[in-house]
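For reference, the structure discussed in these notes is given below.
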Amino acid sequence: MTEIPKAYEPQSVEDKWYDFWLKQGCFTADPKSAKPAYSIVIPPPNVTGMLHMGHVLNNTIQDILSRRARMDGKEVLWLPGTDHAGIATQVMVEKQLKKEEKKSRHDLGREEFLKRVWAWKEKHGDIIINQLKKLGCSCDWTRERFTMDPEYSRCVQKVFVELYKKGLIYRGKRMVNWCPVSQTALSDEEVEMKPQNGFMYHFKVQVAEAPDTWLTIATTRPETIPGDTAVAVNPKDPRYAHLIGKHIVRPLPAELPQDKKLIPIIGDEHVDFEFGTGVLKVTPAHDKADFDIGTRHKLPLIEVINADGTMNTLAGGPLAGLDRFKARKVAVEILTEQGAMIEAKPYENNVGFSQRADVPIEPRLSEQWFLKYPAVPESKACVAEGRMKFHPDRWAKVYDHWLANIQDWCISRQLWWGHRIPVWSKDYADHLASFGDSDKIDKATRGRNDFVVRTEPQIKCAEDNDKPARIYICISPDASADSDQKNIIQLIESLGYKQDSDVLDTWFSSWLWPFATMGWPEPTETLKKFYPTTDLVTGPDIIFFWVARMIMAGYEFMGEAESAGPKKFALPDAMPFQNVYFTGIIRDKQGRKMSKTLGNSPDPLVLIAQYGADALRFGTMRSAPLGQDVLFDEKDVELGRNFCNKLWNACRFRQMVGSADFPIQGEIERTLLNPDDKWLLLKLDAAIREVTIALNEYKFSEATAALYRFFWNEYCDWYVEASKAVFFGTDAKQKANTLAVIDFVLSHTIRLFHPFLPFITEELWHGMGFATDMPDNQGGKTIMNAPWPLPFDDDFKGHYGLDDCYVEMTDTKYELVRNGRDLRRAGNIQAAKKVKYVFKPAQHLTPHDAEVIKLLLNAEALEVNADYLPPKGTPVVASPLGELFLPLEGLIDVAAEKIRLGKEIEKNQSEIVKVEQKLANPNFTTKVPPAVLVEHEQRLLDWKNKLAQVQTALAALN
RNA sequence: AGGCGCUUGGCGCAGUGGUAGCGCAGCAGCUUUACACGCUGUGGGUCGGGGGUUCGAAUCCCUCAGCGCCUACCA
């Protein structure tokens, strides 16, 4: 560092070092390395995404873990990439298309539309990657993956075929969560329940067989009345049980003749007679629970809502064509006109919303692909038994509960962007008609059931042969260069088979992330070295979406226990990671979630430009306690910047006091170590321990707090100031030794900071010359590989005489200084005015200590005089080291001093009373552990001594 | 409805049985030869309410309240 700016300027430093790291291949993991492995896979951000504060939190943590592991001597792989984000990406490109060309995706056609999506990805897909680089992330970019990469797609298809073969993937007609905006099915996890203010409508219906009897029905969705095919009551309900088997007249559609609107009253245990009126309208086509009732009672289904959320003609003239919410109002109007409407009570209920489109989902009957989750028992056990650890561990319960109540996963999506379902099907008039095709296909695929699976028609009896049949063939299309697949696809397509038009849920590809990114299914060097990964860092909001599913995929496809087909290698414990760290959620300082609509989410890149990436990282980490949400405040980033500046200037100070005369990192001569040096070295040792432990426990805010305290309060505030006593002196040997101590401490401190502040520490590491005498792979090239500081061992402490008594002794000295400074203020002495102190030592005081005290007091002089007789009224502070006087005859404000001492006496007395009361209690003295008793007695003695000294001082004033 | 978490000075948090702490903000002062992105000093809390266990509770137990999150087919 030849030229040292007064303030740290991150902009000039950060890009320089990031380029350097990239050019030097510092982030590239070597699977052939002999070092122990450490690996993380990034939670792949959406390829459409922009960096937000959640990414900052999450990726800073991963970077800290990775950098720390490198310094710990591990071979580190932090594997990055992005996911294709099916709906989000498709919607984005559709919007663009509409805006720029006024076309829909249907205008273009599937193939052309996908070309556009790819074009968009090529152009904008690396935005978020570049943003991560700005943050300083040390990902192995040579291995960057995208879930739609050809190799990755092959993994997805292979997995589909294997699960299909095991019968875990099936096609079913079921009630699914339907998003009317995106017009696709969603999984249960993509539905978010939100309380909504609506109305509970009560309307009456007539019992056909007993025209005097009317039933009152409660509903929140009157627009679905035309879809009702029954009315249910609880068979145990005395009010209604006798009506079961009779019929009611459905009020809608109004124009339908009465005999077409008779629906039965059925008895079903599901009906809660406490709720509503105890009479439930059953709409099997538009409600999950009603669908189940309908199945139990073999009720017909009437669909009245279209895929886009509008009503169809079966809903009746006035409703047809209306949006479902508009239809609700119209239905209410019609009922009111009919005189059927009794009341509309304001009512709050939970409504499922599509997470993506933020509109209420519509339960809808449709044919979809489902997956029965594999490897559930193994996945449950590994967390329950503690082999895989969750941090904080309370998430283990949440995970366990979900797995215990797991429902089949709807994996098909009615989208174009994504992995197309590798299944072809053909409808035959009857089974016999399929036999000819089947023979041909058998011939072509013989022996290749590893990638081709055909469903056999279910033939239970001879008559089944006459029934229509649909045959599914599941093929892994691009499994290799082998042309067989292409030929088979060609064959079946020529026979009239068509590929399913749906794509797979994006999570159906990301659940393979930990191994599909490493070259699976080939037994690659990377997989062998780095799977299972060490840590996963993610948000608890995707514990079901992603974490749980990755664990299942790990067991299913990497494990040796299951019979998932021939595996090229398998592991005894195939769990994909050993630890899962769940971050908190970033909120604004009022505790609100960050969102685009609120506009309360700062742009991390703006913050980086303004304060530096290190500052952003440090500020975020400092306010992110384990398991707590993070209330983000720009003040934290400012604090981070201030800290970097402090670090910078502390190094600048070292450069200024140690000119060319003093080599960097001279040897510490143990005989020249003064108490301040020893104090500092012991504090450093404590800091190394604390930071190391905190990092091992994923307590990042504790680690930063410890570092902050050590560096700012202990090193800068006390040691650096005290060291000026040496540097302003004349003893060259002493100066050299102090510099050696500083270099030792700084070189350790900078390393401790490196995972948190990668840029400034690299700059200082080189600038201060610490890199020069390190081996190339041990910090000579980059601080990234410098060894992580270890706590001092007994030999080291013994050699340098680092006894804990120096901590106590020096703390006492600094306490004396603090009290001495207070005297000036109590005496109303201007801060700028230099004054003389007199010290009356209780024991021998070295000239060095005297000089330190003088300097820290900012005193004009410190007279050390064991026989000092203070003039009456001289303010004094007492310490085990002796008494410190501020002799200022005539200048002292006696009244103020009396008040100060009075307060002091009061405090001492109240503390004495507290301890005395305890010690007077025989229950206390007999039951308490001896150490506690001794400690209390000592405490009482200390307070009494202090009181006596203060009382003496007060007496002297009178 | 159930589960989990939180409640400590104005704000954000640490403290999990033995003298209530930290940072920010506040206040007073300071161009002290690394740093005003700084230095020095300082005020401020009966630890959400109540009860219990204990010689002793912010800390353990019970209970109530408020806030937040997750799970759930109550129309």
Side-chain angles (χ1 to χ4, degrees), chain A residues 4 6-8 175 193 200-201 217-221 224 232 270-272 274-283 287-293 347 349-350 352 363 392 394-395 397-398 401-402 405 540-541 543-544 585 587 589-591 593 611 615 622-623 625 627-633 635-636 638-657 699 701-702 705 708-709 712-713 716-717 720-721 724 727-728 818 821-822 824-826 830-832 834 855 858 911 914-915 918 921-929 931-933 935-936 939 942-943:
Chain A
I4 318 163
K6 209 169 165 181
Y8 173 56
M175 290 301 278
M193 300 305 278
M200 179 70 88
Y201 301 96
I217 299 175
T219 184
T220 53
R221 300 200 64 186
T224 64
H270 168 77
V271 180
D272 175 354
E274 307 258 303
F275 190 86
T277 59
V279 185
L280 171 70
K281 71 191 244 340
V282 183
T283 327
D287 184 280
K288 248 181 196 171
D290 290 5
F291 179 78
D292 293 342
I293 296 175
Y347 183 72
N349 64 336
N350 277 328
R394 63 188 148 89
W395 293 108
K397 257 192 198 169
V398 178
H401 181 257
W402 185 76
N405 298 286
D541 48 332
I543 184 169
F544 310 135
I585 292 167
R587 299 169 178 281
K589 57 181 165 181
Q590 281 130 43
K593 250 187 194 173
Y611 298 102
R622 202 172 161 281
S623 55
Q628 299 289 127
D629 287 352
V630 183
L631 299 199
F632 178 81
D633 187 342
K635 282 266 175 227
D636 293 325
E638 199 182 309
L639 182 133
R641 178 201 58 183
N642 294 354
F643 187 81
C644 290
N645 191 54
K646 190 74 175 175
L647 187 58
W648 183 259
N649 272 287
C651 291
R652 203 164 83 98
F653 171 78
R654 158 64 183 86
Q655 298 299 68
M656 289 170 85
V657 291
K699 292 180 178 168
S701 66
E702 279 183 27
Y708 187 97
R709 186 212 62 226
W712 200 305
N713 302 133
C716 290
D717 287 352
V720 169
E721 293 307 319
K724 289 175 185 172
F727 292 124
F728 295 167
R818 235 191 308 261
R821 285 168 178 168
D822 188 29
R824 310 170 50 111
R825 185 186 141 74
Q830 299 247 311
K834 290 222 172 197
L855 211 82
N858 194 24
E911 292 295 341
K914 268 197 235 167
V915 186
K918 278 192 175 183
N921 184 350
N923 272 326
F924 179 79
T925 46
T926 51
K927 291 185 180 173
V928 111
V932 175
L933 190 63
E935 188 264 330
H936 274 75
R939 203 194 299 167
D942 290 347
W943 285 120

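Sequence lines set the chain letters: A, B, ... in the order given, protein chains first and strands last, and positions in each chain run from 1. Just so it is clear, the structure is predicted and the values come from calculations on it, not from any experiment.
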Checklist entry - Between B:U46 and B:C61, how far is it from one P atom to the other, in whole Å? => result 25 Å
Next on the checklist: Taking the P atom in each of B:G52 and B:C4, what is the distance between them to the nearest angstrom?
Outcome noted: 26 Å
Next on the checklist: With rounding to the closest Å, how many angstrom separate the P atoms on B:C37 and B:G21?
Outcome noted: 31 Å
Next on the checklist: Give me the distance, rounded to whole Å, that separates B:G56 from B:U40 when you measure between the C1' atoms they each carry.
Outcome noted: 38 Å
Checklist entry - Quantified in whole Å, what is the C1' atom distance between nucleotide B:C69 and nucleotide B:C74? => result 22 Å
Next on the checklist: Tell me whether the side-chain N/O atoms of A:K699 come closer than 4.0 Å to OP1 or OP2 in B:A14.
Outcome noted: no
Item to check | Selection from B:C37, B:C74, B:G41 that lies nearest to any side-chain heavy atom of A:N645 | outcome: B:C37
Next on the checklist: Distance check, P atoms only: B:G12 and B:U19, in whole angstrom units.
Outcome noted: 27 Å
Checklist entry - Expressed in whole Å, how much space separates the P atoms belonging to B:C13 and B:U7? => result 8 Å
Item to check | A:E702 side-chain proximity, nearest of B:G15, B:G41, B:C35 | outcome: B:G15
Item to check | A:W712 vs B:C39: side-chain N/O to OP1/OP2 distance below 4.0 Å | outcome: yes
Next on the checklist: Suppose you measure atom C1' in B:G17 against the same atom in B:C70; what distance do you get, rounded to whole Å?
Outcome noted: 33 Å
Checklist outcome for this item: Protein heavy-atom contacts under 4.0 Å, written 5' to 3' over nucleotides 18-23 of chain B as B (base), S (sugar-phosphate only) or - (none), form the string BBS--S
Checklist outcome for this item: As its Watson-Crick or G-U partner within any shown strand, both distances under 3.5 Å, B:G2 has B:C70
Checklist entry - Do A:K646 side-chain and B:C35 base share a donor-acceptor contact under 3.5 Å? => result yes
